[in-house]
2 protein chains.
Amino acid sequence: MARPKKEDEKDIPTLAVAVAQRLLEEGGQAQVTMAQVADAVGCSAPALYTHFRNRDALLRAVHDAGFEQLLRDKLAVAVRTQGDSFARLREGGLAYMAFALENPALYRLMFNPPPLPELEGNPFSGDVGLRSLELLENAVKAAQADGFLPDDEPAQIAFTLWSLVHGAASLMIQNRAPLTGCDPARTGREVVDTAMRLIASTRSKGTRYRTP
Amino acid sequence: MARPKKEDEKDIPTLAVAVAQRLLEEGGQAQVTMAQVADAVGCSAPALYTHFRNRDALLRAVHDAGFEQLLRDKLAVAVRTQGDSFARLREGGLAYMAFALENPALYRLMFNPPPLPELEGNPFSGDVGLRSLELLENAVKAAQADGFLPDDEPAQIAFTLWSLVHGAASLMIQNRAPLTGCDPARTGREVVDTAMRLIASTRSKGTRYRTP
DNA sequence: CCATTAATTTAATATTGTTAAGTTTAAAGT
DNA sequence: ACTTTAAACTTAACAATATTAAATTAATGG
């Protein structure tokens, strides 16, 4: 049956990414085989190679879609926290944590990818990654202007805060968190709040911040 | 020639773990094939199955050896920072970061393992992990007694601090750190110092801490 | 000295990513 | 409208790698 008629045409690239993400979340990396994906899409495995150079490229596409979703989430936070730097940091952290815990396998692919050349590239060299990072740096600057946080380089502080939330998410997702028997979502929120308490206690005396 | 004579006997388990770790560090997970390991050990691939149930079990052994090494490093720090809680936190963080950056692939296997059943278990349910964790919690308690840090659960704070250092290490190792063009070792130290500055600024007024 | 067991080897199997060769449809040129 | 070309597939073949089976040799305990 070779090439399909127009009516039977499928948007294989889009379908494949969606299917791959679902399989990923359901059964982990190992379950994302080309045959499985093709099956769920409704084509044969080699057909995928018309649209993706190889399996890694398919995973890379899922990876990229994840970063786009994360950026959308963060933009939404930025919109609804206009003017309150402290809340923006807190809600940004919570949204990030929620994304990670709700899509653990995807998050893993994004931030703890298997060491494949395709996934080595730094996402922050791309547009999506950069804008996501800008959002955090601006929040840090605003918080500094409001008297929070040490007066270090905003980029350095942004990296430190990102590290904290990412680290907690990463440890929890991969069952490396020492706190056992707790609801992960709750633990995640507590980590963010612990961090925010740390940040709150750095407020300088003659502060320009006023709770809105 | 089937079974080797006594003189030709090799300690395959030990050799295999060492070889696997080297291959891992040299070329990443993908290079750790049973054939490669066997070659470097000087036996054939199926021989490995006498000592390890399968490839995952071999990786698990490397993983465990990593945790033992990390614990040794942390114990050394604890010994040389007796009595100074702040220094213990700082040097503990630096040692952890150094371990991660010097053995990136091993660290990855320990904390961002591929999602295999063998590696799912929580290392902190084992003896080595628990002792490593105790060290940090005790350091937190000591720091609190010296007037640092919020008065939350030590376990919660320990997790938050661990998350921070782990997160930074993880991001840098996997090329997800936004700070480009910097020496990773230097960036790692800066993260620890930024965190310590945050901690320092949490010191309550009537502090019991005095710089030694 | 013999029987059993342990440690290996080579050979065979299974799974999975990937490539090759062939087929059908769509699109473009005349 | 007809021919040609290219695109999007399919099935069949290939290659690499983990794993298992069968066969072989050395140690060990009676």
Side-chain angles (χ1 to χ4, degrees), chain A residues 1-17 19-24 26-63 105 109 113-120, chain B residues 1-17 19-21 23-24 26-63 109 113-120:
Chain A
M1 295 32 179
R3 179 171 187 164
K5 299 186 179 173
K6 240 183 179 175
E7 48 178 16
D8 297 336
E9 241 184 359
K10 287 165 210 148
D11 184 358
I12 291 187
T14 305
L15 285 175
V17 169
V19 162
Q21 185 178 339
R22 182 167 56 74
L23 290 177
L24 185 67
E26 283 175 7
Q29 295 256 17
Q31 294 308 304
V32 185
T33 69
M34 297 306 260
Q36 288 267 336
V37 171
D39 243 37
V41 166
C43 66
S44 67
L48 297 172
Y49 288 80
T50 311
H51 308 279
F52 303 93
R53 188 152 34 84
N54 53 24
R55 180 173 180 267
D56 296 352
L58 171 57
L59 290 178
R60 169 82 200 189
V62 176
H63 166 282
L109 181 65
L116 307 166
E118 273 290 344
L119 297 164
E120 288 287 297
Chain B
M1 289 64 178
R3 177 168 189 166
K5 298 187 181 171
K6 240 180 179 175
E7 49 178 17
D8 297 337
E9 241 184 356
K10 287 164 209 150
D11 184 357
I12 292 187
T14 306
L15 285 175
V17 169
V19 162
Q21 183 177 343
L23 290 177
L24 185 67
E26 282 175 8
Q29 296 255 19
Q31 295 309 305
V32 185
T33 71
M34 297 306 261
Q36 289 266 337
V37 171
D39 243 37
V41 167
C43 66
S44 67
L48 298 172
Y49 287 80
T50 311
H51 307 280
F52 303 93
R53 185 151 37 86
N54 53 23
R55 179 174 182 267
D56 296 351
L58 172 56
L59 290 179
R60 169 81 199 191
V62 175
H63 165 281
L109 180 65
L116 307 167
E118 273 291 345
L119 296 165
E120 288 286 296

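Letters A, B, ... are given to chains in the order of the sequence lines, protein chains preceding strands, and every chain is numbered from 1. Both backbone and side-chain heavy atoms feed into the values below; hydrogens, waters and symmetry mates do not.
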Checklist entry - How long is the line joining CG of A:L48 and P of D:dC9, in whole Å? => result 10 Å
Checklist entry - What heavy-atom pair brings A:L109 and A:L59 nearest, and what distance separates the two atoms? => result CD2-O, 3.5 Å
Item to check | Heavy-atom pair of closest approach, residues A:S44 and A:A38 | outcome: C-CB, 3.5 Å
Checklist entry - Roughly how bent is the helix from C:dC1-D:dG30 to C:dT30-D:dA1 end to end, in steps of 10 degrees, with each end axis from five pairs? => result 0°
Checklist entry - Taking all non-hydrogen atoms of both residues, which atom of B:V17 and which atom of B:V62 are closest, and how far apart? => result O-CG2, 3.9 Å
Checklist outcome for this item: Residue pairs meeting side-chain hydrogen bond (donor to acceptor under 3.5 Å, both in side chains), one or both in residues 26-43 of chain B, sequence neighbours left out, come to B:R22-B:E26
Next on the checklist: Once side chain to side chain donor-acceptor pair (under 3.5 Å) is applied, do any residues pair with A:T14, and if so which ones, sequence neighbours excluded?
Outcome noted: A:D11
Item to check | Pairs meeting criterion side-chain hydrogen bond (donor to acceptor under 3.5 Å, both in side chains) with involvement of residues 46-58 of chain B, two or more places apart | outcome: B:R53-B:E118
Item to check | Between P of D:dT19 and CD of B:E118, the distance in whole Å | outcome: 10 Å
Checklist outcome for this item: In short, A:A40 meets A:V19 closest at the heavy-atom pair CB-CG1, 3.5 Å
Next on the checklist: Counting primed atoms plus P, OP1 and OP2 as sugar-phosphate and everything else as base, spell out the protein contacts along nucleotides 15-21 of chain C at 4.0 Å heavy-atom distance: B, S or - for each nucleotide, 5' to 3'.
Outcome noted: --SBB--
Item to check | Euclidean distance, B:Q21 CD relative to B:L58 CG, rounded to 0.5 Å | outcome: 11.0 Å
Item to check | Minimum-distance pair of heavy atoms, taken over all atoms of B:F52 and B:A16 | outcome: CE1-CB, 3.9 Å
Checklist entry - Between C:dA7 and B:H51, is there an OP1 or OP2 to side-chain N/O distance shorter than 4.0 Å? => result no
Could you pull out the protein-nucleic contacts involving nucleotides 14-16 of chain D (nitrogen or oxygen on both sides, under 3.5 Å)?
none

Checklist entry - For the atom pair CG (B:L48) and CE (B:M34), what is the distance rounded to the nearest 0.5 Å? => result 5.0 Å
